[in-house]
Trainee: 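Pasting a structure below so you can have a look.
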Amino acid sequence: TQLLEQSPQFLSIQEGENLTVYCNSSSVFSSLQWYRQEPGEGPVLLVTVVTGGEVKKLKRLTFQFGDARKDSSLHITAAQPGDTGLYLCAGVSSGGSYIPTFGRGTSLIVHP
Amino acid sequence: GAVVSQHPSWVICKSGTSVKIECRSLDFQATTMFWYRQFPKQSLMLMATSNEGSKATYEQGVEKDKFLINHASLTLSTLTVTSAHPEDSSFYICSARDLLAGYSYEQFFGPGTRLTVL
């Protein structure tokens, strides 16, 4: 079973602060997705990264895929209360049956 | 694009009854659908992988006779919780992978079904 370590598990910050969420693994991934989920709803895809060293930006969110495709990070600049939610990373390995492995999730609360 | 619907969004049932949850990909074809269970403030726990036209593959510890999965078409998969008990109460979420997604292996999630067993 692949492990995808996600940290931190909980994050409570003030509006305007920056934060970074990490996903790390010893496995190489063909692709890695980041999702955001609000209570009582399904996860919504934010981004997919597939190339080692890739950096993608989505407004105030910056996603990075490690050179070796084993880790990824999500950085949020100037967090806003609307960023509050559960952030999930999911990796798909090319060596298996392409079943995604999810991290434990990061529960983010941004206080106004 | 890439919309997945789930029905019902919530259901309350009596202990011992069976509940069917539908998952549909509305604007794409999905050879593979996944069923997850999620507890409050926790990540998704994969229950089974459903491939169109074949038997579902269940994760270790998930009872296949209790959680019946059928993937009869490229746009529909169903999860039936048989003889439900209060411990089956949870948030069930499905996801679908686009046949044409290629190497990105993206999956798109339904809105989830809240099951409460009394």
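In this text, all values refer to a predicted model and were calculated from it rather than measured experimentally. Order of the sequence lines sets the chain letters (A, B, ...), proteins ahead of strands, with each chain counted from 1. Hydrogens, waters and symmetry mates are skipped; everything else that's a heavy atom, side chains included, is used.
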Trainee: Please determine whether the number of non-hydrogen atoms from other residues, nucleotides or ligands lying under 6.0 Å from atom NZ of B/Lys55 exceeds 12.
Mentor: no
Trainee: Is A/Leu58 linked to A/Trp34 within one hydrophobic cluster, defined over Ile, Leu, Val, Met, Phe, Trp and Tyr using a side-chain heavy-atom separation of less than 4.5 Å?
Mentor: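 As far as the 4.5 Å side-chain criterion goes, A/Trp34 and A/Leu58 are connected within one cluster.
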Trainee: Which atom names give the shortest non-hydrogen contact between A/Gln37 and B/Phe91, and what distance separates them?
Mentor: NE2-CE2, 4.0 Å
Trainee: Are side-chain N/O atoms of A/Gln33 and B/Gln107 paired as donor and acceptor at under 3.5 Å?
Mentor: no
Trainee: Write down the atom of B/Phe109, the atom of A/Pro43, and the distance for their closest heavy-atom approach.
Mentor: CB-O, 3.4 Å
Trainee: Please answer: with hydrophobic residues joined when any side-chain heavy atoms are less than 4.5 Å apart, are B/Leu68 and B/Ile21 in the same cluster?
Mentor: no
Trainee: Nearest 0.5 angstrom please: A/Ile99 CD1 to B/Thr57 OG1, how far?
Mentor: 6.5 Å
Trainee: Just to verify, what does B/Tyr92 make a ring-ring contact (aromatic ring centres under 6.0 Å, His included) with, not counting sequence neighbours?
Mentor: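 Once residues adjacent in sequence are excluded, B/Tyr92 has no partner under the ring-ring contact (aromatic ring centres under 6.0 Å, His included) criterion.
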Trainee: So, taking the atom named CG in B/Leu44 and the one named CG in A/Leu86, what distance separates them when rounded to the nearest 0.5 Å?
Mentor: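 Between atom CG of B/Leu44 and atom CG of A/Leu86 there are 8.0 Å.
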Trainee: Got a second to check how far B/Ser43's OG is from A/Gln9's CD, nearest 0.5 Å?
Mentor: 10.0 Å
Trainee: Examine B/Leu115 and B/Leu46 and state if one hydrophobic cluster contains both, with Ile, Leu, Val, Met, Phe, Trp and Tyr joined whenever side-chain heavy atoms are less than 4.5 Å apart.
Mentor: no
Trainee: Is there a path of hydrophobic side-chain contacts, each under 4.5 Å between heavy atoms of I, L, V, M, F, W or Y residues, that connects A/Val55 with A/Tyr22?
Mentor: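 In one cluster: no.
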Trainee: Could you tell me the separation between the CZ atom of A/Phe102 and the CZ atom of B/Phe34, rounded to the nearest 0.5 Å?
Mentor: 9.0 Å
Trainee: Given side chains that start at C-beta, do those of A/Pro100 and B/Tyr36 come closer than 4.5 Å, heavy atoms only?
Mentor: yes
Trainee: Out of curiosity, does B/Ile69 fall in the hydrophobic cluster containing B/Val81 (side-chain heavy atoms, cut-off under 4.5 Å, transitive links)?
Mentor: yes
Trainee: Can you check whether anything in residues 104-112 of chain A gets within less than 4.5 Å of chain B, heavy-atom wise, and list it by number?
Mentor: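 Hits under 4.5 Å: A/Arg104, A/Gly105.
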Trainee: Quick check against the 3.5 Å criterion: does A/Thr48 have a side-chain atom that pairs as donor or acceptor with the backbone of B/Glu106?
Mentor: no
Trainee: Below 4.5 Å, heavy-atom pairs only: which of B/Gln38, B/Gln6, B/Gln42, B/Arg114 has the largest tally toward chain A?
Mentor: B/Gln38
Trainee: Using non-hydrogen atoms and a 4.5 Å limit, figure out which bit of A/Gln6 sits close to chain B: side chain, backbone, both or neither.
Mentor: neither
